[in-house]
Amino acid sequence: MCDKKPYVSLALLQEDDTEQFIKDNQWAFKYGAQIEFGMRDDRTEEGSEVISRSTIELCINGENAEAYRIVQNGKHVGGVVLSIDKEAGKGELELLFVTPESHSKGIGKAAWQAVETLHPEIHIWETITPYFEKRNIHFYVNCCGFHIVEFWNKHHHGPVVPEEESGNWGEEDEMFVFRKIMDSSNK
């Protein structure tokens with residue numbers, strides 16, 4: 001799956017596409033949870049979301065945020081939201097999703113390579129993903145060259161949760177933290 005090389009481009013998210021971007025992102029996350037847990041899980045029942053609208057909006061509207069649509073053959077096949085600190089040379093991958101009908105076609109890796117090309121000034125990339133997202137873990141480690149550097153769980157939780165996200169994030173949530181340090185061999 002990692003060796004496919006489709007052509008994709010990144011297009012800045014347009015204000016009139018934000019609502020669909022959020023819905024596409026929620027569907028991609030819900031699909032992943034349904035694959036892992038099935039319809040019995042309360043996070044995947046009709047009306048509830050695995051990733052909330054407020055979380056997506058916080059990412060899109062963050063201070064150093066850049067939001068893009070992943071485009072292939074003129075069609076939106078996913079999205080990515082970054083937080084870029086050019087002075088520090090550090091970037092955070094806040095969100096990356098590929099629509100379920102476009103999975104396993106190399107689109108995610110091609111999009112990630114486009115992000116790295118877009119931001120050669122970034123020397124350290126970080127992201128997180130839930131422990132159960134095996135596809136994401138495979139993607140970040142085996143396809144994109146990230147390393148797992150931390151495991152947040154009830155005994156070792158990440159940073160203090162901002163009040164506006166406290167309803168979406170609890171001490172029982174388990175997440176992997178990934179880091180990629182760029183050098184000439186990563187390009």
Side-chain angles (χ1 to χ4, degrees), residues 1-18 20-22 24-25 28-29 51 54-99 102-103 105-130 133 135-152 158-162 164-165 169 175-187:
M1 283 194 260
C2 297
D3 55 353
K4 295 179 183 176
K5 294 182 175 71
Y7 175 77
V8 301
S9 61
L10 300 178
L12 274 171
L13 179 62
Q14 300 301 307
E15 191 172 332
D16 64 353
D17 187 35
T18 301
Q20 190 60 50
F21 182 93
I22 291 169
D24 291 349
N25 190 328
F29 276 64
I51 185 169
S54 63
T55 296
I56 298 167
E57 288 173 340
L58 281 169
C59 292
I60 292 171
N61 299 318
E63 184 178 340
N64 298 313
E66 297 179 6
Y68 299 92
R69 274 300 201 160
I70 302 168
V71 181
Q72 183 183 43
N73 299 326
K75 180 181 177 192
H76 294 158
V77 294
V80 61
V81 180
L82 311 169
S83 178
I84 302 297
D85 183 343
K86 290 182 180 188
E87 284 187 31
K90 188 173 180 183
E92 291 185 34
L93 173 58
E94 299 283 351
L95 298 169
L96 189 151
F97 69 94
V98 174
T99 56
S102 299
H103 281 178
K105 296 178 182 174
I107 290 169
K109 182 176 181 185
W112 180 249
Q113 290 171 334
V115 165
E116 289 181 356
T117 299
L118 182 64
H119 285 292
E121 76 282 7
I122 301 302
H123 302 289
I124 298 173
W125 286 100
E126 288 190 347
T127 194
I128 61 174
T129 202
E133 285 285 4
R135 289 176 56 91
N136 289 356
I137 296 165
H138 160 74
F139 172 72
Y140 291 128
V141 173
N142 298 325
C143 297
C144 297
F146 281 80
H147 297 275
I148 297 171
V149 296
E150 199 169 0
F151 176 51
W152 296 343
V160 175
V161 178
E164 62 269 15
E165 284 198 66
W169 187 271
M175 305 286 266
F176 284 112
V177 179
F178 299 85
R179 184 174 298 137
K180 182 173 184 178
I181 298 175
M182 304 298 291
D183 61 31
S184 60
S185 66
N186 293 122
K187 300 290 181 182

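Two residues are said to be in side-chain contact when any heavy atoms from C-beta on lie closer than 4.5 Å; Val98 and Lys105 fail this criterion. Annotation: side chain of Ile181 is not in contact with side chain of Asp183 (no heavy-atom distance under 4.5 Å). Here the side chains of Asp16 and Gln14 are in contact, with some heavy-atom distance below 4.5 Å. Put simply, the side chain of Arg69 does not reach to within 4.5 Å of the side chain of Leu10, judged on heavy atoms. Between Thr55 and Leu95, every side-chain heavy-atom pair lies at or beyond the 4.5 Å cut-off. Residues Val115 and Tyr68 form no side-chain contact, since every pair of their non-hydrogen atoms from C-beta on lies 4.5 Å or further apart. Using a 4.5 Å heavy-atom threshold, the side chains of Phe21 and Ile60 count as touching. For the pair Val81/Asn25, no side-chain contact is recorded, criterion being any heavy-atom separation below 4.5 Å from C-beta on.
Rounded to the nearest 0.5 Å, atoms CD (Glu92) and CD (Glu126) are 6.5 Å apart. Considering NE2 of His147 and OH of Tyr140, their distance stands at 15.0 Å, rounded to 0.5 Å. Here Ile124 contributes atom CD1 and Met182 contributes atom CE; the two are 11.0 Å apart, rounded to the nearest 0.5 Å. Summarising the geometry, atom CD1 belonging to Ile84 is positioned 7.5 Å from atom CG belonging to Leu118; distances are rounded to the nearest 0.5 Å. One distance of note links NZ of Lys109 with SG of Cys144; it measures 7.0 Å at 0.5 Å rounding. A distance of 12.0 Å separates CZ of Phe176 from CD of Glu133, quoted to the nearest 0.5 Å.
Using bins of under 30°, 30° to 60° and over 60° for the plane-to-plane angle, the ring pair Phe146/Trp112 lands in the tilted bin.
The two residues Ala28 and Phe97 have their closest heavy-atom pair at CB-CB, 3.9 Å. Listed here is the closest heavy atom pair of Ile122 and Gly91: CG2-N, 3.4 Å. Considering all non-hydrogen atoms of both residues, Ala65 and Cys59 come closest at CB-O, 3.2 Å. Considering every non-hydrogen atom in both Pro130 and Ile137, the closest pair reads O-CD1, 4.3 Å. Closest approach of Val8 and Ala111 over heavy atoms only: CG2-N, 3.7 Å. For Glu94 against Ser83, the heavy-atom pair with the smallest separation is OE2-CB, 3.5 Å.
With Thr129 as the fixed residue, the side chain to side chain contact (heavy atoms under 4.5 Å, CB included) test singles out one of Leu93, Asn136, Val177: Asn136.
In terms of modelled atom types and a separation under 3.5 Å, the side chain of Asn61 and the main chain of Glu57 share a donor-acceptor contact.
A donor atom on one side chain and an acceptor atom on the other are found under 3.5 Å apart for Glu66 and His119.
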Evaluation steps, side-chain contact (heavy atoms from CB on, under 4.5 Å), between His76 and Gln20:
CA-CA 10 Å; His76 294 158; Gln20 190 60 50; over 6 Å; no

